[in-house]
Number of protein chains: 2
Amino acid sequence: MRKLDNTAVGTRQRILEVAGEVFAETGFKGATVREICKRADVNVAAINYYFGDKEGLYVAVLKYWKTVAFEKYPADQGVDEGDPPEKRLRVFIQSILWRILDAGRASMLPKLVAREFIEPTSALDIWVDEAIRPMFELLSGIVEGLLGKGTPEATVRMCCTSVVGQCLYFVYARPVMKRLFGQGSFEKRDIEIIADHITAFSLHAIRGLAAGKKTGKKKGGTR
Amino acid sequence: MRKLDNTAVGTRQRILEVAGEVFAETGFKGATVREICKRADVNVAAINYYFGDKEGLYVAVLKYWKTVAFEKYPADQGVDEGDPPEKRLRVFIQSILWRILDAGRASMLPKLVAREFIEPTSALDIWVDEAIRPMFELLSGIVEGLLGKGTPEATVRMCCTSVVGQCLYFVYARPVMKRLFGQGSFEKRDIEIIADHITAFSLHAIRGLAAGKKTGKKKGGTR
DNA sequence: AATGGTTTAAAACTAATGTTTAAAACATGC
DNA sequence: GCATGTTTTAAACATTAGTTTTAAACCATT
């Protein structure tokens, strides 16, 4: 069996690096400590030695990759309070898409989090508090800026879910898109096109809702 | 151990009924045949007897519940080709939300499919061909009717993903919403409000994009 | 170089899970 | 009512996976 340069990076971290991929590919139950250890080229006992048990490893993995991802893409990146909400929305959408579609070192993280969405563990609470809630409040501010001050909170919230929903669709729908359109991965250029679209789509929508409200219309469309 | 009325409904179907829930809750790997059999109140050997093996049961479960769901909510329900696209869009969105958020007998199906999105099996191919593609083509027609005939296919496709993304957000984001807003389930009335919002949001967006295109503007917002 | 704490290694252990077996129970047609 | 095919049952089997154990290897400190 091929021996990687084990001295270059510690055993503990090597496990964290590969465990993220394995958990993302096959889920917590599906992942085996033997597979993880084989890929990390360490002894099977290493996981219990460093993390107590498999579950301890799992939470360590999520913590580890969250740190990595947020160092690369800070939540407030490039956002200037003074910028007009239109630009801030564009930056917000762009940064979400980057995090989701970037095929870098942390490319398995969205999949890990998506699994948490479906089958939550204690890790989701942390993720919501430290990652999602701040993002949501940032977006709420932007959307409120577009809708106008006195807008009901429910309306703001709905618009936020509309924006985020459009973005997240590209995480879990990738296998579907591959089967539907033949496109399963996204280049840098693709991501910009998508960001442009979602921004334009959402801006028209939000402005339309704001205008409809001012003129006293109750609903934007049919019924 | 309590004995349900086993004669009322056949062993095979009783397994299909409960297996859907178990697979949805814990995934294919996480689900154990013993747990399924216990809930169905049948012998452990029944699964191998009727479905060959665990995997055979899994594909049978997806096929079974797909049939059930599509009998309850046909893809073309209430859609009239002659209706204006605004109304058709509203009906389309409503029907997707019903399927996703309905807490009826097939309420575990969205979760099952969401798991397929993350970790596809052969069942996803079938699901895409028989459920998603027809829906997508239906939606494409509606969106094209709103955008105008000569609209590039890429634009139509993007708008479709925007609409669907908003809807599907309510499937997998439910645990997040529970933690974020305290709301984890949706009543009939909630679903209508959501459908109203997504319809209004999307109509403003699509009309805005159509208008922007006519007047020669290239992008809807910033940059 | 000896010592003491830390890390790694191979093997064994235990519990669980999917599957098979073989017999019993049941149902059906003649 | 018996014979035949089908279904159900309990037990056993084989494999796998998480964990533990025990000893060896390693490494810094004195």
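Naming: A, B, ... by sequence-line order, numbering from 1 per chain. Not measured: the values here are computed from a predicted model.
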TODO: From the options dT6(D), dT19(D), dT19(C), select the nucleotide whose nearest atom is closest to the side chain of Y49(B).
DONE: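 My answer, after comparing the listed nucleotides, is dT6(D).
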Open item on the list: Using the side-chain heavy atoms of V44(B), tell me which of these nucleotides is nearest: dA17(D), dG18(C), dA11(D).
Closed with: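 Of all the options, the side chain of V44(B) is nearest to dA11(D).
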Test item: [X] and [Y] side chains (from C-beta on) under 4.5 Å apart, heavy atoms:
X	Y	value
T161(A)	F170(B)	yes
L57(A)	Y50(A)	no
Y172(B)	L168(A)	yes

Between [X] ([atom1]) and [N] ([atom2]), how many Å, whole number?
X	N	atom1	atom2	answer
D53(B)	dT15(D)	CG	C1'	15 Å
F51(B)	dT7(D)	CZ	P	12 Å
I47(B)	dT19(C)	CD1	C1'	11 Å
K29(A)	dA17(D)	NZ	C1'	12 Å
N48(B)	dT9(D)	CG	C1'	14 Å
L57(B)	dT19(C)	CG	C1'	14 Å
K38(A)	dT16(D)	NZ	P	12 Å
K54(B)	dT17(C)	NZ	P	9 Å

Do any side-chain atoms of residues 61-69 of chain A form donor-acceptor pairs under 3.5 angstrom with protein atoms, and if so which ones, sequence neighbours left out?
| unit_1 | atom_1 | unit_2 | atom_2 | d |
| --- | --- | --- | --- | --- |
| Y64(A) | OH | Q13(A) | NE2 | 3.0 |
| Y64(A) | OH | E17(A) | OE2 | 2.5 |
| W65(A) | NE1 | L16(A) | O | 3.2 |
| K66(A) | NZ | E130(A) | OE1 | 3.3 |
| T67(A) | OG1 | K63(A) | O | 2.9 |

- [ ] List the protein contact pattern of nucleotides 21-28 of chain C with one symbol per nucleotide (5' to 3'): B for base contact, S for sugar-phosphate-only contact, - for none; contact means a heavy-atom distance under 4.0 Å.
- [x] B-------
Task: Any T11(B) side-chain nitrogen or oxygen under 4.0 Å from OP1 or OP2 of dT8(D) - done: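 Checking T11(B) against dT8(D): at least one side-chain N or O falls below 4.0 Å of OP1 or OP2.
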Task: Euclidean distance, R157(B) CZ relative to L180(A) CG, rounded to 0.5 Å - done: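 So the CG of L180(A) and the CZ of R157(B) are separated by 8.0 Å.
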Open item on the list: Does this structure show an ion pair linking E119(B) with K29(A), if we count only N-O contacts that are shorter than 4.0 Å?
Closed with: no
Open item on the list: Considering every strand and a 4.0 Å limit on heavy-atom distances, what is the contact class for Y50(B): base, sugar-phosphate, or nothing?
Closed with: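 Answer is sugar-phosphate: Y50(B) comes under 4.0 Å of backbone atoms only.
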TODO: Tell me which of G30(A) and N43(A) sits closer to the 5' end of DNA chain D, going by the nucleotide each one is nearest to.
DONE: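 Result of the comparison: G30(A).
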